[in-house]
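These notes are about the structure you will find just below.
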Amino acid sequence: MPSDNKSTKLLHVQNGAIRKLLYTHVTDEDLKNRYRAVIGRETKKDIKEALQRVEKAKLIEIINKSPEITEEHIELCFEENRYSNRPNFRLFHLQSLDPQTTSASFIQAHKEDKAIKKLNQRLRDVPYSNDNVTSLFAVDQTLIDSQTLEIAFKYNEI
């Protein structure tokens, strides 16, 4: 298992993205040497072909032995690949508790993170319709236009 904190985020990306990180920043000769150090044997095949069969934990060990790969490279890899090819997200449409309140008037009254605070106060008392979701709370808001406020949520799911 990886021992270096800089690479723990790589546990959440696909092996192909980790290999691409290695191919992009490490020379073939250095890859062969690090492969031998981590796997414990030489490879008679092309190093890129040999890395195709290496498990994630060993790929991350090779990353840890590669000073050419910085924390910034790992962070970028994580951000680009953490959801793999099947992103999963939910879209909630919230109904106003006050029918007299329009989107524009709510947005005007709750700019600059005030909507998040108000929403989180209300979410504490709302029963979840899906028993798998817990700890729902708003974390960020973005004003799209005068009628649209995008709010990012964080939640736990069983």
Side-chain angles (χ1 to χ4, degrees), residues 1-94 107 110-121 123-124 128-158:
M1 212 30 84
S3 60
D4 192 327
N5 284 337
K6 79 174 189 175
S7 60
T8 55
K9 286 188 173 189
L10 293 176
L11 292 170
H12 305 286
V13 301
Q14 294 177 330
N15 291 0
I18 298 171
R19 286 191 296 269
K20 182 179 177 187
L21 196 58
L22 287 165
Y23 302 156
T24 304
H25 300 287
V26 183
T27 66
D28 284 358
E29 192 60 37
D30 286 336
L31 276 177
K32 286 179 187 178
N33 292 333
R34 292 172 191 155
Y35 175 91
R36 181 181 45 230
V38 169
I39 304 301
R41 65 178 184 277
E42 296 280 338
T43 179
K44 294 178 182 175
K45 299 182 180 188
D46 175 68
I47 188 61
K48 291 180 180 176
E49 188 179 332
L51 287 173
Q52 291 291 324
R53 294 181 307 280
V54 175
E55 65 185 31
K56 183 177 286 189
K58 296 294 184 185
L59 288 172
I60 293 173
E61 281 186 52
I62 295 171
I63 292 278
N64 288 336
K65 292 184 179 301
S66 302
E68 308 90 337
I69 299 173
T70 66
E71 289 184 40
E72 290 79 23
H73 294 133
I74 291 171
E75 184 67 31
L76 183 61
C77 179
F78 173 73
E79 288 301 323
E80 290 177 350
N81 297 286
R82 66 178 159 171
Y83 297 120
S84 72
N85 293 329
R86 298 177 310 242
N88 183 3
F89 65 94
R90 294 175 188 226
L91 183 61
F92 297 93
H93 179 82
L94 303 174
I107 291 169
H110 298 93
K111 286 183 181 177
E112 301 169 12
D113 293 339
K114 290 181 182 174
I116 291 175
K117 292 174 187 164
K118 185 161 189 139
L119 187 57
N120 282 332
Q121 288 171 353
L123 285 173
R124 278 185 248 155
Y128 299 103
S129 61
N130 181 341
D131 291 338
N132 294 335
V133 175
T134 62
S135 305
L136 177 68
F137 64 97
V139 292
D140 189 29
Q141 73 181 46
T142 305
L143 184 63
I144 305 296
D145 59 42
S146 64
Q147 295 288 317
T148 310
L149 180 65
E150 179 183 270
I151 299 176
F153 291 92
K154 188 173 185 178
Y155 60 90
N156 294 329
E157 185 172 19
I158 300 171

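In what follows, every heavy atom counts, from backbone to side chain, and hydrogens, waters and symmetry copies are set aside.
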Task: Which atom of Leu51 lies closest to which atom of Tyr35, heavy atoms considered - done: CD2-CD1, 3.9 Å

Open item on the list: Test your reading of the model: is there a side-chain donor-acceptor pair from Arg36 to the backbone of Arg41, 3.5 Å cut-off?
Closed with: no

- [ ] Grab the two heavy atoms, one from Lys9 and one from Phe78, that are nearest each other, plus how far apart they are.
- [x] O-CD1, 3.4 Å

- [ ] Mind checking the OG1-NZ spacing from Thr43 to Lys32? Nearest 0.5 Å is all I need.
- [x] 8.5 Å

Open item on the list: How long is the straight-line distance from CG of Leu21 back to CD1 of Ile60, given to the nearest 0.5 Å?
Closed with: 10.5 Å

Task: Val26 backbone acceptor or donor facing Asp30 side chain under 3.5 Å - done: no

- [ ] For the pair Tyr23 (side chain) and Lys48 (backbone), establish whether a donor and an acceptor sit closer than 3.5 Å, ignoring hydrogens and angles.
- [x] yes

Task: Residues, nucleotides or ligands: over 12 heavy atoms within 6.0 Å of Lys56 NZ - done: yes

Open item on the list: I'd like to know if the side chain of Ser66 reaches the main chain of Glu68, judged simply by a donor and an acceptor atom lying under 3.5 Å from each other, with no hydrogens or angles considered.
Closed with: no

Task: Derivation of the salt bridge (Lys or Arg N to Asp or Glu O under 4.0 Å) call for Lys58 and Glu55 - done: CA-CA 6 Å; Lys58 296 294 184 185; Glu55 65 185 31; 5.4 Å; no

Task: Gap between atom CZ of Arg53 and atom CD1 of Ile39 - 0.5 Å precision - done: 10.0 Å

Open item on the list: Testing the basics here: between Asn15 and Val54, what is the closest heavy-atom pair and its distance to 0.1 Å?
Closed with: ND2-O, 4.1 Å

Open item on the list: For a quick check under 3.5 Å, do Thr70 and Glu72 share a side-chain donor-acceptor pair by atom type?
Closed with: yes

Open item on the list: As an exercise, state the distance from CG of Leu10 to CD1 of Ile63, rounded to the nearest 0.5 Å.
Closed with: 5.5 Å

Open item on the list: If I take atom NE2 from residue His25 and atom CD1 from residue Ile74, how far apart are they, to the nearest 0.5 angstrom?
Closed with: 9.5 Å

Task: Lys20 side, atom NZ; Gln14 side, atom CD - distance, nearest 0.5 Å - done: 12.0 Å

